[in-house]
Every structure is written in structure tokens, then in C-alpha cells.
Amino acid sequence: MEEEAFDAIIVGAGLAGCVAAYVLAKEGADVLVIERGNYAGSKNMTGGRLYAHSLEKIIPGFAKEAPVERKVTKEKVTFLTDDTGVTLDYHNGRSQTSTQESYTVLRGDFDQWLMAKAEEVGAQFITGIRVDELITKDGKVVGVNADGDELIAKAVILAEGVNPVLGEKLGMVKPKVNADAMAVGAKELIELPKEVIQDRFNLSDDEGAAWLFAGSPSNGLMGGGFIYTNQTTVSLGIVCGLHDIGSSDKTVPQMLEDFKNHSIIKPLLEGGKLLEYSGHVVPEAGLNMVPKLVDDGVLITGDAAGFCLNIGYTVRGMDLAIASGEAAAKAVLTARANKDFSAQGLSSYQTLLEDSFVMKDLKLYKNLPAFMETPRIFNEYPKMVADIMQSMFTVDGSESQPLRKTLMKHCKEVGYMNLIKDGIKGVTAI
Amino acid sequence: MTETVNVDVKLGVNKFHVDEGHPHIILKDNPNMTEYRKLVNACPAGLYKLEEDGSIRFDSAGCLECGTCKFLCGDTILEKWEYPRGTFGIEYRYG
Ligand SMILES: Cc1cc2nc3c(=O)[nH]c(=O)nc-3n(C[C@H](O)[C@H](O)[C@H](O)COP(=O)(O)OP(=O)(O)OC[C@H]3O[C@@H](n4cnc5c(N)ncnc54)[C@H](O)[C@@H]3O)c2cc1C
Ligand code: SF4
């Protein structure tokens, strides 16, 4: 039996799984990826922005051959109320190194490309098969049960995404994750002619925009809205924290619809055609939800391990999935060299993560999730900046007020103490 | 405020392979209504429906497999939550 065992079986062909397969196969390990969808990426969605650094280190120059959509050069952040918007606009015309760049992506194409790269270097890949159970022997994971077949491996890498059914069954991930730790995202992919996208978003040929919205998109709950421009489509979506969803007077699909019809957004999408509607959960609790990462014969990686950062109004999980997939693969390679696949033999996974940006960034933003739950950030502050702007730009013949006085008036509405408190909390959380 | 959204129309553009006769999510017979209402709000596919007469209606066929209902309400309303069998369910062509 041992002779025929794979060095590793990987559950899930998302970014974490595909990268782990690539790194293992490249070093000659015998690896099998099992994906329940009909192709890599067929179950996966994301907002849209991939920070290149972690994949660039594994496949240098990947963006030249990968199906990336546009390189992000324009950043916008808008504070939105139902009928106003205050926007910060940043154009980056400076040259960037390849590890500083970021790209908009669509996962259907991107994940398939990444899986093909892993197959090129020798990884085996089966699709349309759901792994139902892990096989354990004397408390050690020794393989998987998929569609009635038993497949044996020296190590199993769980790259099953944000809903780690198998990790829960093993007891490595706490089964009833607190809803506070989760947000839900919904997205529309809207088709528009290339020139129209470039005109409306002020972009040249391969340039892209990343545009984040705080305030009304998530109906005042923790979350926000986003727009990412692709070649001939626009990704438009919202993310909304789940812990107060019961008291919301709007459903999540309604939030997205109202966001899409906001007077700032609507003209940008005029004439567009809906190509796809998608939804997905985002792990939001950062370091507070990271599970047991290694056990005898098994490792957990990517979203399944909670490696996702909610920094303000944006979500970052793809570069973490890639880096943690790589770390899991390296730990399996070490275990293979030492012929020890026990928790101890695989423990370099933990060390590799501790030494990488994954754990460092998770630690840095450790207190941010709690800070983000301050409701003022998502309803009162966007209104405050809008009111300040309105006072500045409205001339109607009534007596003008000195700017200082105007500012004070609007800050007073939120409460100075709150502003100071949130300011301090915000800074210390970061 | 815009018009009430019709999520079914949006789901209509998606590609689904429905596993007829094998629903992957099954509700309990008498689900807790406070919990159920959370899902009326949270399910991105709008599958947890509340009729005018107060009755509930749910069909897992348009499920996006996001997991929200499992995380949010778990066994307070769910008899079963699993991923559809391999090859079935939502198939994102773009993602
Ligand atoms: C709305 C939204 C916006 C986001 N925006 C961004 C962004 O702009 N930038 C960013 O970096 N991150 C973003 N993220 C986060 C990012 O998408 C995730 O962190 C990332 O996709 C995680 O990758 P993964 O490989 O861990 O998991 P996934 O991509 O979820 O892959 C898991 C795979 O496992 C498979 N699988 C699961 N169970 C089984 C089983 N039992 N048998 C076989 N196969 C199985 C699934 O089918 C799937 O293919 C966003 C997320 C959401 C929801
Ligand atoms: S998994 Fe998501 S889309 Fe499916 S029923 Fe539950 S909440 Fe709705």
C-alpha cells in the first residue's frame, strides 16, 4: 500500500491548491489534485484584485502569460451615502517593480491557467469529484475517500476554501464558526465594450481601476462596495458583515441592486449586459480564526485556514492563499526528504508561515476586525464627509460660514469624543 | 431606494447543473423563524423566501454554494448542508 501512495493529495483547485501542486510537482513529488467542480475555478469567485508579489516569486513574470485582465494603475475610494459620494482619486504613473504590481483577474480563466502550469510540471488532476471524507488510521490522516474510491497519500493538503467541511470533520477547524467572523459577498459581472470601459474609467489600453466604496453599499453594516475593471467586463460587488444581518432592513441582493443604481454608479454601467451573478463568503476575523494548521499527515491552507485580511474596505486573500499553498508544499517536501509525515515532520509549515508576510500581516491587523465593527465607520463618517463637502460647495445666497465653523459643526454631529476614540482605536489596530 | 430586486432573473444568466432529486441543502421541518429571517436577508441568491401569508419557501436549485446559511444558522434551521456531488451545482464561467 505504502508503495502506491501519493506523496500528497490536495483537496481543491483554487489558488492555494494549484500553487501547492505546482511547487510539489516541480520538485518531482507525486501529487494528485481533486476538485469537485468541472474545471479549476468553476466554483470560485473573488472581488478582483490579485497582488502579484507572492505568485511572482514562484513563477517569475507570470503576468506576461497568465490570463490577467488589467494592471491596476488607478485607485479610488468613495464615501457613499444614498444620494452623495466623496471620492479620493489616486493615479499611479510611477514605475513599479513586478512584485509591487497588482492585476484584476477573473477566477474561471485564471485558476485553469494555474492548474495547467501544475500539470505541465507533472501534477495529476481530477475534476468533477467531491472528496467526501478523509481516511484516518491510528489518528493519522492517510488518504481520502472520493466518490466511493479510496486514495492513499502520505500527506493531505486541505485547500478547500472558506467552508472547510473536511477540516471541520477532522476537528482541526471549529465547526460552528461565529458569524462575526464572516462576511458575505455578492457580485455582478457586467459586459461593456472595451473602449467604453476605458473612456468611462479614464484608462489606457491595459490599465485598470480598483474602486472601493464605504458607507451605503453595505447598508451601514461592516463592509463596502467595489468595482474592478477587466478587459471587456466590470466586476461590481458588495461585501457585508454577517453579525448584524438579522436587523438589516435590506437583503444582500437588494444592497447590491441599490449600489448598482446609485447615481454615481449607474451612468458608468449604462448599456452593460449581465454575464454572471456570484456569491461567496469572506473569512473576516483574521488571526482570531486561524485553526490548528498541521496534524499527523494533514495541513490546512488558504481560506480554509482563515488566511484572509479585511483591511478597511478591501479584502485580500488571494496572495495569502498563494503564499500559504507554497509553504504547505515546501513543508511536505521537507517531510518527504526526512520520511516523516507526522505533525512534527510537517511542522516547518508553521515556521514558514511565521517567517512570511502571511502571519506577519495577520498579526499586524489582528485588532482590525473588532475596530471595523464600530458602526460609525460605515454610516456616520461617510455622511459626515458628504455634509462637509455639501457645505463647502453649496452657494445659495445665505450667509457663508467660515470653513472652520462648518467643519466643527459636522464633527460635532458625530461627537468629538467618538472621532478621537475611533481615531485612536483605528491607529492602534493598524 | 430602487425597485425590489428580482434575484431569480440574475440567477437565470448563470450556468447550473442541477442534481434532480438530490437536494444538497434540506431545511428542518419547523425551522426557527428568527433564524430563518436572517437568511431571508443574507442569502445572496435570495433562496430563503417568505410569502405574504407568512409561509416559507426554499429551493436549493439556485444555490451559489457560498455557505452563508450554514455559518449563520447551522442546525437551528438546517437538517443537512453539504456541497452538491461532483460536477453538479453552480458552474462559474467567469468567476
Ligand atoms: C466578494 C469577495 C471579494 C474578494 N476580493 C478579493 C480581492 O480583491 N483580492 C484578494 O486578494 N482577495 C479577495 N477575496 C478573497 C479571495 O477570493 C480568497 O481569499 C481566495 O479565493 C481563497 O483561495 P483558496 O484557494 O484558499 O480557496 P478557493 O478559491 O475557494 O478554492 C477552494 C477550492 O476547493 C474546492 N473544494 C472544496 N471542497 C471540496 C471537496 N470536498 N472536494 C473537492 N474539491 C473541493 C472548491 O470547489 C474550490 O475550487 C475576495 C473574496 C470575496 C468573496
Ligand atoms: S449556500 Fe449561500 S446561496 Fe446557497 S442557500 Fe445557503 S446562503 Fe443561499
Side-chain angles (χ1 to χ4, degrees), chain A residues 35-39 41-46 82 105-111 127-130 132 146-147 161-163 165 175-179 181-182 184-189 230 233 240 242 245-254 256-258 260-261 274-281, chain B residues 1-17 19 24 32-50 62-76 78 80-95:
Chain A
E35 165 59 45
R36 66 190 181 89
N38 286 318
Y39 47 84
S42 62
K43 298 288 182 183
N44 305 340
M45 66 84 89
T46 192
D82 285 339
V105 293
L106 294 170
R107 296 287 298 279
D109 279 349
F110 194 80
D111 291 11
T127 55
I129 301 284
R130 181 186 69 190
D132 301 314
D147 228 7
V162 63
N163 182 6
V165 176
K176 203 163 187 313
V177 183
N178 200 329
M182 297 287 172
V184 59
K187 173 174 114 173
E188 285 190 22
L189 190 76
N230 306 310
T233 53
C240 174
L242 284 175
I245 192 73
S247 56
S248 168
D249 59 359
K250 267 190 208 179
T251 66
V252 165
Q254 189 67 48
L256 179 57
E257 185 69 7
D258 291 350
K260 187 174 148 190
N261 283 297
L274 177 67
L275 292 185
E276 194 164 79
Y277 178 72
S278 54
H280 203 91
V281 164
Chain B
M1 185 72 152
T2 38
E3 279 174 35
T4 309
V5 63
N6 186 336
V7 199
D8 293 344
V9 170
K10 297 188 185 187
L11 294 175
V13 304
N14 285 355
K15 186 169 175 187
F16 289 100
H17 303 279
D19 193 356
H24 66 287
N32 177 315
M33 283 313 287
T34 320
E35 295 292 303
Y36 188 88
R37 273 189 208 96
K38 285 188 193 165
L39 297 186
V40 174
N41 280 346
C43 172
L47 299 179
Y48 291 85
K49 295 193 166 52
L50 207 50
C63 176
L64 301 170
E65 298 162 33
C66 70
T68 302
C69 52
K70 180 190 142 190
F71 289 126
L72 203 54
C73 299
D75 52 19
T76 61
L78 299 176
K80 166 173 123 174
W81 193 107
E82 58 185 35
Y83 283 124
R85 289 189 294 163
T87 75
F88 289 107
I90 178 72
E91 182 164 303
Y92 290 131
R93 288 160 299 164
Y94 304 95

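If you tally non-hydrogen atom pairs under 4.5 Å between each of B:A42, B:G67, B:G46 and chain A, the highest count goes to B:A42. Of the listed residues (B:G86, B:C43, B:G12), the one with the most heavy-atom contacts under 4.5 Å to chain A is B:G86. Per-residue heavy-atom pair counts under 4.5 Å with chain B were compared for A:D82, A:L189, A:V252, A:V105, and the maximum is reached by A:V252.
Neither the backbone nor the side chain of B:R37 comes within contact range of chain A, judged by heavy atoms closer than 4.5 Å. For A:N163, the parts sitting under 4.5 Å from any heavy atom of chain B are the backbone and the side chain alike. Only the backbone of A:I129 has a heavy atom closer than 4.5 Å to any heavy atom of chain B. In this structure, chain B has no heavy atom under 4.5 Å from any part of A:E35. Only the side chain of A:Y39 comes within less than 4.5 Å of a heavy atom of chain B; its backbone N, CA, C and O stay farther away.
Distance check: B:K38 NZ to A:S248 OG gives 13.0 Å after rounding to the nearest 0.5 Å. In this structure, CZ on B:R93 lies 12.5 Å from CG on A:L106, to the nearest 0.5 angstrom. Note that OH of B:Y94 is 8.5 Å distant from OG1 of A:T233, once rounded to the nearest 0.5 Å. In this structure, A:T251 OG1 and B:L50 CG are separated by 12.0 Å, a value rounded to the nearest 0.5 Å. In this structure, the separation between CG on A:N38 and NE2 on B:H17 is 5.0 Å, given to the nearest 0.5 Å. Rounding to the nearest 0.5 Å places CD of B:E91 at 7.5 Å from NZ of A:K43.
Checked against A:E257 for a side-chain contact (heavy atoms from CB on, under 4.5 Å), the options B:V7, B:V5, B:N6 give a single hit: B:V5.
Figure legend: cation-pi geometry between A:R107 and B:Y92 absent, as NZ or CZ is not positioned both under 6.0 Å from the six-membered ring centre and within 45° of its axis.
Taking the side chain as every heavy atom from C-beta outward, A:V281 and B:F71 approach each other to under 4.5 Å. Here the side chains of A:V165 and B:E82 are not in contact, with every heavy-atom distance at 4.5 Å or above.
No donor-acceptor pair under 3.5 Å is formed between the side chain of A:R36 and the backbone N or O of B:Y83.
When every heavy atom of B:P44 is checked against every heavy atom of A:G185, the shortest pair comes out as CB-O, 4.5 Å.
Residues satisfying the side-chain contact (heavy atoms from CB on, under 4.5 Å) criterion with B:N14, sequence neighbours excluded, are A:E276, A:Y277, B:L11, B:F16, B:L64, B:I90.
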